[in-house]
Chemist: 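I'd like to ask you about the structure that follows.
Letters go in sequence order (proteins before strands), and every chain restarts at 1.
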Protein chains: 2
Amino acid sequence: MRESETDEIRGLTIFADMDDAAFARLCRAAYVQTFPPQVELFAEGEPSDFLHILVAGQVELCAHWNGRETIMEIVRPVSSFILAATIRDAPFLMSARTVEKSRLVLLPSQDVRDVFDTDGAFARALVRELAGCYRGVVKSSKNLKLRSGIERLANYLIRQQDLAGGAPSFVLPVEKRKIAALLGMTPENFSRALRLLGEYGVANDGMTITIADRKSLVRLAKPTRMIDDPEV
Amino acid sequence: MRESETDEIRGLTIFADMDDAAFARLCRAAYVQTFPPQVELFAEGEPSDFLHILVAGQVELCAHWNGRETIMEIVRPVSSFILAATIRDAPFLMSARTVEKSRLVLLPSQDVRDVFDTDGAFARALVRELAGCYRGVVKSSKNLKLRSGIERLANYLIRQQDLAGGAPSFVLPVEKRKIAALLGMTPENFSRALRLLGEYGVANDGMTITIADRKSLVRLAKPTRMIDDPEV
DNA sequence: CGCATACTTGAAATAAGTCAAGAAAAGTGG
DNA sequence: CCACTTTTCTTGACTTATTTCAAGTATGCG
């Protein structure tokens, strides 16, 4: 990996405070690769030989059972994913597929575990990151168990509006069918739910959503820090 | 905490390989407490001042939103819980309540973080444990999104039979209503689903389940390592 | 024994999924 | 750039799954 490439990930919170030498050790056998859209990076059940870091593009993590498929998470840059599998040297619980053209840094899992043992700052950052991931899944699970489809959608839209800077109109980051799968609903059900949100001031033109009356939408969605705040 | 008490948790995987001095440091300000059944140990949103370890009894972790409640996990001894909140020094995402009379060891979160920084073996064990927790929630989330209620119940029963040693008859570890909440269904729906499983050789007398035809049940449940194996 | 609570069952309502078809959008190749 | 293909999105009609409400039964506890 060249220096221009290592720079792209040096700023990541998991590397921020670590020693230069330890970082260099991590990068030694790392490599960068660009993938076209719709490419499977790895599948559920395979050994987790590399910690993946998404530098550019978009990746979906999905899961399968009995012929059914669902999307567990959509990863956006710059962030690492499948950290837990790397740490436990366990098979992937999810498959990963590029949504668009994406650039990834791959760090050998063995190196990650080795450097964890030698660099305290990295160990601290890594366990913090993993704890954050854990809490993310717990929140997503609460979202699924405590809310109906339309409530999940309403909260999703509020979150996306915030991520997009808060303007009334914003563009959805991925296909609707993928958002539907992420929220645990069918595309048809998603489409109908979106139409029902018209009652709450949500308009929808292609991939563009306009929230005319955010207060009304919030009254329905009832977002809470304990589910919807990524900082908590 | 007395020595007889520290012995109860010394064998836990997260403490197994650590230094005696570091373990002593952890136990210095720790204390043991016994709680009656149905006591709330802490609530969602409170600061996580202690890492909790369940030594005896049973504890449920639940979550609330908009007047609804669900059970996220039922903790059985001996295991730690809410590790992620401790590590991030963040508020609890779940509430905890004793199901039966329970004995807990409470380790000050600050001490856990401090010892993490000084004892490499503890750091390693802790990050491994947390990664295991993460994977547990991912599996539970896959279970919820990919399976119907009756499929979740069928897999739950198979798992419980294994935990109970594999005999055809075994006793459910908690009230049915709690299992229902854990599986993301209503008590009524749970009751009906259990009756439907009669078609697959499952009989039900009070809290005792008898699986007459495990093969038939497995054909329905289709358990998979990537969801149902706690070792993976 | 009597009370409170959990469990079960039925009937009805609601939520969500399936199937099918048309409209819109995106991608392909000449 | 345009026809053509493919895929996504939407909508309607219908089926299935799940929840809710209500009542009765069983169970456990003081």
Chemist: Are the aromatic rings of B:Phe92 and B:Phe42 close, with centres under 6.0 Å apart?
Modeler: yes
Chemist: Please give, in whole Å, the distance from C:dA15 P to A:Lys145 NZ?
Modeler: 20 Å
Chemist: Please tell me which of A:Ile150 and B:Arg195 maps to the more 5' nucleotide of DNA chain C, matching each residue to the nucleotide holding its nearest heavy atom.
Modeler: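 Nearest nucleotide further toward 5': that of B:Arg195.
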Chemist: With respect to the phosphate group of D:dT18, does any side-chain polar atom (N or O) of B:Arg152 fall under 4.0 Å of OP1 or OP2?
Modeler: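 Answer no for this pair, as no side-chain N or O of B:Arg152 is under 4.0 Å from OP1 or OP2.
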Chemist: At under 4.0 Å between heavy atoms, what does B:Arg192 touch on the DNA or RNA strands: base, sugar-phosphate, or nothing?
Modeler: base
Chemist: Using only atom types and a distance under 3.5 Å, with no angle test, would you say the side chain of A:Ser102 pairs donor to acceptor with the backbone of A:Glu100?
Modeler: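 Looks like yes, one N/O pair under 3.5 Å.
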Chemist: Choosing from D:dG12, D:dT19, C:dG17, which nucleotide comes nearest the side chain of A:Met185?
Modeler: C:dG17
Chemist: For the pair made of CG in A:Asn189 and C1' in D:dA17, what is the distance, rounded to whole Å?
Modeler: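 Distance check: A:Asn189 CG to D:dA17 C1' gives 13 Å.
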Chemist: To the nearest Å, how far apart are A:Phe190 CZ and C:dG17 P?
Modeler: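 Interatomic distance, CZ of A:Phe190 to P of C:dG17: 13 Å.
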Chemist: If you check every side-chain atom of B:Glu175, which of C:dG17, C:dT8, C:dA6 has the closest atom?
Modeler: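 The nucleotide sitting nearest to the side chain is C:dA6.
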Chemist: Rounded to whole angstrom units, what separation is found between the CG atom of A:Asn204 and the C1' atom of D:dT10?
Modeler: 10 Å
Chemist: In whole Å, I'd like the distance from the CD1 atom of B:Ile179 to the P atom of C:dA6.
Modeler: 14 Å
Chemist: Roughly, in whole Å, what's the span from CZ in A:Arg177 to P in C:dA25?
Modeler: 17 Å
Chemist: Judged by each residue's nearest nucleotide on DNA chain C, which is more toward the 5′ side, A:Gly206 or A:Ser148?
Modeler: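 The residue mapped nearer the 5' terminus is A:Ser148.
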Chemist: Roughly, in whole Å, what's the span from CE in B:Met207 to P in D:dA26?
Modeler: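 Those two atoms, CE and P, are 18 Å apart.
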Chemist: Taking only Lys NZ, Arg NE, NH1 and NH2, and the carboxylate oxygens of Asp or Glu, determine whether A:Glu129 and B:Arg88 approach each other closer than 4.0 Å.
Modeler: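 Answer for the salt bridge query: no.
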Chemist: Any side-chain to backbone donor/acceptor pair from A:Thr210 onto A:Ala203? Under 3.5 Å, distance only.
Modeler: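 Flag not set: sc A:Thr210 to bb A:Ala203 has no pair under 3.5 Å.
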Chemist: Using a heavy-atom cut-off of 4.0 Å across all strands, would you classify B:Asp205 as base, sugar-phosphate, or nothing?
Modeler: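 No contact.
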Chemist: Taking only Lys NZ, Arg NE, NH1 and NH2, and the carboxylate oxygens of Asp or Glu, determine whether B:Glu60 and B:Arg97 approach each other closer than 4.0 Å.
Modeler: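 Result for this pair is yes, salt bridge flagged.
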Chemist: Could you state the atom-to-atom distance from NZ of B:Lys176 to P of D:dA26 in whole Å?
Modeler: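 After rounding, the gap between these two atoms is 13 Å.
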Chemist: Are any of A:Thr186's side-chain N or O atoms less than 4.0 Å away from OP1 or OP2 of C:dG17?
Modeler: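 Looking at the OP1 and OP2 atoms of C:dG17, one of them is under 4.0 Å from a side-chain N or O of A:Thr186.
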Chemist: For B:Glu188, answer base if it contacts any base atom (sugar-phosphate contacts may also be present), sugar-phosphate if it contacts only those atoms, and nothing otherwise; contact means non-hydrogen atoms under 4.0 Å.
Modeler: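 Base contact.
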